Amino acid sequence: MKVPFLDLKAQYASIKDEIASALQQVLNNTAFAGGPFVEQFEKDFASFCQCEFAIGVGSGTDAIWMALLSLGIGPGDEVITTPNTFIATAEAISFCGAKPVFVDIDEKSYNMNPSLIKAAITQNTKAIIPVHLFGQTADMDPVMAVAREHGLFVIEDACQAHGAEYKGRYAGSIGDVGCFSFYPGKNLGAYGEAGAIVTNNAELAKKMRMFRDHGQGKKYYHSMIGWNARMDGFQAAVLGVKLKYLTEWNEARRKNAQLYNNLLVNMEDIITPVQADYGRHVYHIYAIRTQNRDELISTLAGKDIFCGIHYPVPIHLQEAYQFLGYKKGSFPVAERCAEEFVSLPMFAELTQEQIEMVANEIKCFLEVSV
Ligand SMILES: Cc1ncc(COP(=O)(O)O)c(C=O)c1O
């Protein structure tokens, strides 16, 4: 039996006819760039996130970049975030001309440690980007408190956290702006590239809506310099179909995570993910930690079980960010986790038999390597 890291074909098979009909409607209406399907998805996604506005864009990277630009962040500004993230979070800051400033993570949630934010604030700090990594939100109350105290914007990087909750509120709806990626492998994934920004701020929503469409409110009348970051009609149609199943799929991921937790409990040298008391984890990634990670991954691959690493190098140690001057040891928790993370296969359609096989092979590996 093969256990892929992710099985997009299984999900597609379950909604094939609905997808075909939604795509046909886009063709019938030739509504390819922006248009009614994007508008409908924006309404549905805003309502799902319990936010007033959603703006469909080209990717999660676009979403963060555009949110920062629309909040007026630019050269000379600093934005605090975490080194334990996908590089896009930092790239979006850099592409505004601003400087990413990192704080270490909490060892349980793997998200930004809010108690470290204050010390990283300078007179140039303009915003904080907490990243809701792996499908679990950061601890948002203390993040919001320190932001309010210092007059900073909060942009949630919810690119991995569609439907995750923090004290009953949805990821993306807590800060000034929430940013989502619909990269195909995400809990809500398009069939190409797409993203969205959500907010309750009407003025900001209007600005971001114009921004993604060349700064035009009315066709060919450009009141600001913008960009082309529109969502396309096919992606909106696919996402509209899939959004209806997101809660059910997230629930299946949670059930799979619980099964992994039960099977991996008490295994020496395996740390399983912890759902924080404040929230509801949606397990975009189910990452365990272990000392002997590379050997475990290759042993499992030899048994047709495919794992990933999210992420092997924290951002401050990436070659592209050496100019910031951080060194090994700057963020010890993030660095330790990056050396130990193994992302096990996780998707809604994963079967009990597959999960049992993964857990069993991990157990065999640990017995042999003692
Ligand atoms: C935490 C995080 N931020 C940002 C992004 C960027 O999203 P996209 O790939 O849609 O540009 C991703 C996507 O992988 C992500 O996981």
Side-chain angles (χ1 to χ4, degrees), residues 4-12 14-15 19 38 41-42 44-46 48-49 51 54-65 67 84-89 91-92 110-111 129-138 155-165 170-173 178-198 229 231-232 234-254 256-257 273 279-287 306-311 343-350:
F5 177 66
L6 176 67
D7 188 355
L8 289 179
K9 283 186 186 158
Q11 189 194 65
Y12 172 57
S14 73
I15 52 171
I19 292 286
V38 174
F41 174 69
E42 287 175 340
D44 296 343
F45 192 63
F48 176 83
C49 294
C51 267
I55 296 114
V57 293
S59 67
T61 312
D62 274 352
I64 306 168
W65 181 55
N84 186 36
T85 182
F86 180 58
I87 197 160
T89 319
E91 283 176 326
Y110 307 137
N111 286 322
I129 306 187
V131 180
H132 305 323
L133 205 74
F134 298 162
Q136 166 150 267
T137 72
I155 296 140
E156 293 174 68
D157 181 340
C159 286
Q160 299 191 5
H162 319 72
E165 288 175 40
Y170 280 92
S173 71
C179 299
F180 290 87
S181 162
F182 301 123
Y183 186 74
K186 296 290 199 269
N187 289 29
L188 179 61
Y191 287 172
E193 303 279 352
I197 316 172
V198 297
M231 178 184 272
D232 82 62
F234 286 122
Q235 302 313 328
V238 166
L239 290 165
V241 169
K242 293 177 74 172
L243 183 59
K244 291 185 276 177
Y245 297 97
L246 180 57
T247 304
E248 184 187 316
W249 288 336
N250 279 346
E251 209 39 61
R253 283 174 181 269
R254 288 173 52 76
N256 293 341
R280 196 174 156 79
H281 201 317
V282 292
Y283 298 97
H284 170 54
I285 300 285
Y286 183 91
F306 299 98
C307 301
I309 301 176
H310 299 87
Y311 296 92
S343 308
L344 299 186
M346 171 54 78
F347 46 94
E349 298 77 12
L350 202 59

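Here the structure is a predicted model, which means the values were calculated and not measured.
When the side-chain hydrogen bond (donor to acceptor under 3.5 Å, both in side chains) test is applied to Gln160, the partners found at least two apart in sequence or on another chain are Tyr311. In terms of the side chain to side chain contact (heavy atoms under 4.5 Å, CB included) criterion, residue partners of Pro184 (sequence neighbours excluded) are, by chain and number, Leu8. Considering only residues two or more places apart in sequence or on other chains, Thr85 meets the side-chain hydrogen bond (donor to acceptor under 3.5 Å, both in side chains) condition with Thr89. Residues satisfying the ring-ring contact (aromatic ring centres under 6.0 Å, His included) test with Tyr283, not counting sequence neighbours, are His281. For Asn256, the side chain to side chain contact (heavy atoms under 4.5 Å, CB included) partners two or more places apart in sequence, or in a different chain, are Met346, Leu350, Ile355. Contacts of His284 classified as ring-ring contact (aromatic ring centres under 6.0 Å, His included), with partners at least two apart in sequence or in another chain: none. When the side-chain hydrogen bond (donor to acceptor under 3.5 Å, both in side chains) test is applied to Ser173, no partner is found at least two apart in sequence or on another chain. By the side chain to side chain contact (heavy atoms under 4.5 Å, CB included) test, Ala63 is found to be paired with Val57, Cys179, Ile197, residues two or more places apart in sequence or in another chain being considered. For Glu91, the salt bridge (charged side-chain N to carboxylate O under 4.0 Å, His left out) criterion is met by no residue, not counting sequence neighbours. Qualifying side-chain hydrogen bond (donor to acceptor under 3.5 Å, both in side chains) partners for Tyr286, counting only residues two or more places apart in sequence or in other chains: Asn261. The ring-ring contact (aromatic ring centres under 6.0 Å, His included) test applied to Tyr170 returns Phe48, not counting sequence neighbours. With sequence neighbours left out, Tyr245 forms a side chain to side chain contact (heavy atoms under 4.5 Å, CB included) with Ile15, Glu18, Val241, Glu248, Trp249.
The distance from the CG atom of Asn187 to the CZ atom of Phe180 is 11.0 Å, given to the nearest 0.5 Å. Here Phe45 contributes atom CZ and Leu188 contributes atom CG; the two are 6.0 Å apart, rounded to the nearest 0.5 Å. Distance check, rounded to the nearest 0.5 Å: OG of Ser59 to CZ of Phe182 gives 11.0 Å. Between Ser181 atom OG and Lys186 atom NZ the span is 4.0 Å, to the nearest 0.5 Å. Residue Gln11 holds its CD atom at 8.5 Å from CG of Leu6, rounded to the nearest 0.5 Å.
For the residue pair Phe5 and Ser343, the shortest heavy atom distance occurs at CE1-O, 3.5 Å. The two atoms that bring Ala164 and Thr137 nearest to each other are CB-CG2, 4.1 Å, heavy atoms only. A pairwise comparison of heavy atoms in Leu344 and Cys307 identifies CD2-SG, 4.0 Å as the closest pair. Minimum interatomic distance between Ile64 and Asp157 (heavy atoms only, all atoms of both residues): CD1-OD2, 3.5 Å. Here the closest heavy-atom approach between residue Gln235 and residue Ala194 is recorded as CB-CB, 4.1 Å. The shortest heavy-atom contact between Arg253 and Gly185 is NH2-O, 4.3 Å.
Taking a cutoff of 4.0 Å between a charged side-chain nitrogen and a carboxylate oxygen, Lys9 and Glu349 do not qualify as a salt bridge.
With hydrogens and angles ignored, the 3.5 Å screen pairs a side-chain donor or acceptor of Glu156 with a backbone N or O of Gly172. Here the side chain of Asn84 pairs a donor or acceptor atom with the backbone of Tyr110 at under 3.5 angstrom. Between the side chain of His162 and the backbone N or O of Cys49 there is no donor-acceptor pair closer than 3.5 Å.
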Side chain to side chain contact (heavy atoms under 4.5 Å, CB included) between Asp62 and Glu193, intermediate numbers included: CA-CA 10 Å; Asp62 274 352; Glu193 303 279 352; over 6 Å; no
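Annotation: Phe86 is not in aromatic contact with Tyr183 [ring centroid separation under 6.0 Å not met].
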